[in-house]
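Written below as structure tokens is the structure these notes are about.
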Amino acid sequence: MAIPIRLAAMMVLLVTVTAHPHRRHCHMSRYRSLSPSDIRAVRLLHNEHEKSPFSDGIKCQKKMFRHKPSVCDLKASDKQILTLERVTLAVDVLTNMTESSLSEFVSQPLEFFRSLEDDLKHCRKSPLYSDSPSQTLMPWLNHLKHFRERVSVQCVQDAVLLSLIQLLIEDVMCWANKE
């Protein structure tokens with residue numbers, strides 16, 4: 001019994017993809033141009049958050065970014081590390097907001113940032129991005145860690161929500177465009 005050519009090709013493709021998951025390449029090029037619906041969803045969440053009464057949101061955001069280096073000026077592995085740290089923080093904050101008054105605005109940005117986080121974690125395993133953080137990046141990573149430990153959950157949430165658009169434009173697109 002002969003196997004149709006299409007079926008044979010699909011079987012080979014399936015075996016190739018499933019047999020070697022560690023060979024999946026780091027393709028961040030899909031983030032070079034973000035979908036308008038993802039950008040709109042993040043802007044809508046940002047705008048709704050600004051409408052809600054919050055105290056010291058801008059102050060918290062300034063505290064969080066006090067020592068942040070420009071992503072575009074970093075070497076490739078540092079760009080990846082910084083972007084992954086910020087995206088992971090965004091996912092943590094958005095996940096904790098699924099029961100908040102802004103929950104109706106959280107689902108699409110959360111889905112986008114979770115997918116991005118998975119891609120970034122995969123890329124971190126590739127040789128190009130496996131270096132340890134540089135001396136340039138370490139102070140900011142330490143600052144971010146201390147910021148999360150020392151300020152309130154509300155302050156972290158305010159800072160993250162106020163910086164989601166910056167995260168998309170500066171960190172994600174800068175890194176993806178220079179991949």
CZ of R43 to CG of L168, rounded to nearest 0.5 Å, is 9.0 Å

Return yes if some donor-acceptor pair links the side-chain N/O of S126 with the main-chain N/O of C123 below 3.5 Å, else return no.
yes

Might you work through the side-chain hydrogen bond (donor to acceptor under 3.5 Å, both in side chains) test for D38 and Q108, ending with a clear yes or no?
CA-CA 7 Å; D38 286 329; Q108 186 176 348; 3.2 Å; yes

Considering only heavy atoms from C-beta outward, does the side chain of V156 approach that of L89 to under 4.5 Å?
yes

Would S134 and D78 count as having a side-chain donor-acceptor pair, cut-off 3.5 Å?
yes

Answer yes or no: is there a side-chain heavy-atom contact under 4.5 Å between L120 and L116?
yes

Side-chain donor/acceptor of H143 to backbone N/O of K63, under 3.5 Å:
yes

If you look at every heavy atom in A41 and P109, which pair is closest and at what distance?
O-CG, 3.7 Å

Is there a side-chain contact (heavy atoms from CB on, under 4.5 Å) between M64 and S163 once you walk through the steps?
CA-CA 10 Å; M64 187 168 94; S163 66; 3.8 Å; yes

Which atom pair, heavy atoms only, marks the closest approach of L110 to V91?
CD1-O, 3.9 Å

Is it the case that over 12 heavy atoms from other parts of the model lie below 6.0 angstrom from the NZ atom of K75?
yes

Does CD in E99 sit with more than 12 non-hydrogen atoms of other residues, nucleotides or ligands closer than 6.0 Å?
no

Salt-bridge criterion met for R148 and D92 (N-O under 4.0 Å):
yes

If you measure from CG on L44 to CD on E104, what distance do you get to the nearest 0.5 Å?
8.0 Å

Within a strict 4.5 Å, meaning less than it, do heavy atoms of the L161 and H46 side chains meet?
no

Side chains of F113 and T88: closer than 4.5 Å at any heavy-atom pair?
no

Side chains of R124 and I81 in contact at under 4.5 Å (non-hydrogen atoms)
yes

N-O pairing of E48 and K51 below 4.0 Å:
yes

S35 side, atom OG; R30 side, atom CZ - distance, nearest 0.5 Å
11.0 Å

Quick one: does any side-chain atom of Q61 pair with a main-chain N or O of L162 as donor and acceptor, under 3.5 Å?
yes

Can you name the nearest heavy-atom pair linking T83 to V172, along with the distance?
CG2-CG2, 4.1 Å

Rounded to the nearest 0.5 Å, how far does CG of L45 lie from OG of S103?
10.5 Å

dist E85:CD -> Q80:CD (nearest 0.5 Å) comes out at 9.5 Å

Look up atom OG in S132 and atom CE in M138, then write down how far apart they are to the nearest 0.5 Å.
9.0 Å

Heavy-atom donor-acceptor pair, S115 side chain to E111 backbone, under 3.5 Å
no

Would you call V151 and C60 a side-chain contact if the rule is heavy atoms closer than 4.5 Å?
no

May I ask you to test the H49-D158 pair for a side-chain heavy-atom distance under 4.5 Å?
yes

Taking the side chain as every heavy atom from C-beta outward, state whether F112 and S107 have any atom pair closer than 4.5 Å.
no

